[in-house]
Every structure is written in structure tokens, then in C-alpha cells.
Number of protein chains: 2
Amino acid sequence: MKITDAATQLEALGNPTRLAVFRLLVRAGEAGLPVGRIQQRLDMPASTLSHHLKTLCATGLVRQTRERTTLICTADFKLMRGLVAFLVAECCAESACAPADAATRAA
Amino acid sequence: MKITDAATQLEALGNPTRLAVFRLLVRAGEAGLPVGRIQQRLDMPASTLSHHLKTLCATGLVRQTRERTTLICTADFKLMRGLVAFLVAECCAESACAPADAATRAA
DNA sequence: ACGATATTTCCAGAAAAATCGAAACACGTC
DNA sequence: GACGTGTTTCGATTTTTCTGGAAATATCGT
């Protein structure tokens, strides 16, 4: 994973609203959640939510699939795992939270 | 960990420059790195770097201690572990990368 | 106290992001 | 093909962030 990709994903999650959206989607699991339902839950204007969803989709952290008239959003767990792995392996070298070889690779 | 704190930390790491700084510090381990050395390594104006360091320090991800005339910056590994734990436990419920009880708590 | 080195604050301009109402669009139904 | 529901795009405003030069501050050695 490139550091710029990681930064992009972290930036996407770095907005309180988007983190709340993403958390909602993660908790919804593979089934996901329609846009309208997210809007209800978080009580925000549709256009604002759409804007944030667009950002999340652009990073790949969220994906959308059509189901009849509604758009279902789902968190991309695989990508999320990759991001966590980056934080652990690339960033948590030496003295913390990493397998022993992380520091070696980091050189 | 509050979701707003997590968002603040993620936002701090979400800037490419700051992520590069933080990664440098993490790789430097507990010994840390002087501000000037970070500046050399990343080749950026001192004021810009100082600005970003301030942001990182405000989140707690980086700490500074004086050593003679130079300021040593060190990554806070404990906080970093906390953030990773948040991503895994709070966000990675159900179908991915989480202990089984995460989904239960999420309700 | 002065000079040298290291770092921050001040300031201001440029760029990007967040917000949200109104209008437009997509899809299914009648 | 008009209607309704669900969602996005457009447009405009406000707010925030990023950036970096110049000046100020801090610390130490002499």
C-alpha cells in the first residue's frame, strides 16, 4: 500500500461525519445500509450525506450497489483490513504493536 | 475512546505530509527525532513543519521533549495502539477483523 | 550580555473542504 | 408517459486548512 493511498483513506475517515457514516456501515455488516436510512439515522441533509458518501466511495472504503430504487452502501472490509495492516506494519515499527520484522522492513 | 477523538487522530494522519512525519517518527522508535532532522529528511520549510507538528502534538500522537537546544519528537505508541484498537474493535464489527463480541457491543 | 543554533509564532494569501437548498436525474409503478 | 420515491448534481456561501517568509523566542556556550 502506498503512503498516499493510506493518507487518502485516513483523511476520509478523519471527518467526524464520515467516520460516523462508516461506522454505521461497518456495523451493518455485509448487508449494508440504504443511503436514505443513513440519512435518517444521522439526521442530515441528503445532499451533504451524498457528498460525504462520494468521498468515501472514492477511497474505496465504501461501495454502492443498486437494489430496486434504493442504493445500498456497504463498507469494504477488505480495504479496511488493509488500512489497519498498514498502520500496524508500516507505521508501528520497533517498540510497539508490530510483528518483529516490521522494524527491519522499515529501514 | 470517543469517536470524535478517533476522528481527530485519523484526520491528523490523513494529511500526506503529516503521515510522512509520523511514519518517520515511528520508525525512529522511542529515541525519536529532532525537529531539524525531520526537516532535513522531508525537505520542507521549518514553519510548515512546525505547523504540522503542532497538529500532531495536539492529538497526542506525537510528544516533544527538550534535549539541550533541540526538540526531540517521539511518536506515542500507546495512543497509536489505541487508535488501531478502535478501528478494529469499534469499526470492524461482524464480518471482519474483529473479535466476535464486537458486533454484540455495537448494537 | 552577545552570538549561534533551533524552533515557533505571526501574518497573509491560496487552495480545498463542508454545508445545504433547489433543481435534476434514475428507477420502478401505474 | 406521468407520478412518486430515492439519490445526486449544481451553485453559492462559509469555514477551514495548507503554505511559507519574516520576525520573534528559547536555549546554550563563551
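Keep in mind that what you see is a predicted model, and the values were worked out from it rather than measured.
Listed for the B:R18 side chain is a donor-acceptor partner under 3.5 Å among the backbone atoms of B:A12.
At a threshold of 4.0 angstrom between heavy atoms, the contacts of A:Q40 with the nucleic acid are absent. Across all strands shown, A:R18 has heavy atoms under 4.0 Å from sugar-phosphate atoms exclusively, and none from any base.
Between the C1' atom of D:dG20 and the CD atom of B:Q39 lies a distance of 11 Å, rounded to the nearest Å. Atoms CD1 (A:I72) and P (D:dT8) sit 12 Å apart, rounded to a whole Å. Residue A:L42 contributes atom CG, which lies 15 Å from atom P of C:dA18 at whole-angstrom precision. Straight-line distance from the CG atom of A:L53 to the P atom of C:dT19: 13 Å, rounded to whole Å. Rounded to whole Å, atom C1' of C:dA18 lies 6 Å from atom NE2 of A:H51. One atom, CG of B:L71, and another, C1' of D:dC28, lie 14 Å apart when rounded to the nearest Å. For the pair A:E11 CD and D:dC18 C1', the interatomic distance rounds to 12 Å; values are reported in whole Å. Distance, B:K54 NZ to D:dC18 P: 13 Å, rounded to whole Å.
Contact of A:T69 with D:dG6 (side chain to base): no donor-acceptor pair of N or O atoms is detected under 3.5 Å. For A:T70 against D:dG6, no side-chain N or O and base N or O form a donor-acceptor pair under 3.5 Å.
Exactly one of B:D76, B:L25, B:L79, B:I72 qualifies for a side-chain contact (heavy atoms from CB on, under 4.5 Å) with B:R63. That residue is B:D76. For the side-chain contact (heavy atoms from CB on, under 4.5 Å) with A:F22, the qualifying choice from A:T59, A:T17, A:V62, A:N15 is A:V62, the only one to do so.
In this structure, the nucleotide among C:dT8, D:dC18, C:dA18 sitting nearest to the side chain of B:V35 is C:dT8. Residue B:R66 has its side chain nearest to D:dA26 when only C:dT19, D:dA26, D:dG20 are considered. In the set C:dC20, C:dT8, D:dT19, C:dT8 carries the atom at the smallest distance from any side-chain atom of B:A46.
Residue B:T48 places at least one side-chain N or O closer than 4.0 Å to OP1 or OP2 of D:dG20. OP1 or OP2 of C:dT8 lies within a sub-4.0 Å distance of a side-chain N or O belonging to B:S50. Phosphate proximity of C:dT19 to A:H52: present, with a side-chain N or O under 4.0 Å from OP1 or OP2. Applying the 4.0 Å criterion to OP1 and OP2 of D:dC18, one finds that B:N15 has a side-chain N or O inside that range. Proximity of A:Q64 to the phosphate of D:dT7: no side-chain N or O atom is located under 4.0 Å from OP1 or OP2.
Listed here is the closest heavy atom pair of A:C73 and A:Q64: SG-NE2, 3.5 Å. Taking all atoms of both residues into account, the shortest heavy-atom contact from B:L13 to B:L19 is O-CB, 3.4 Å.
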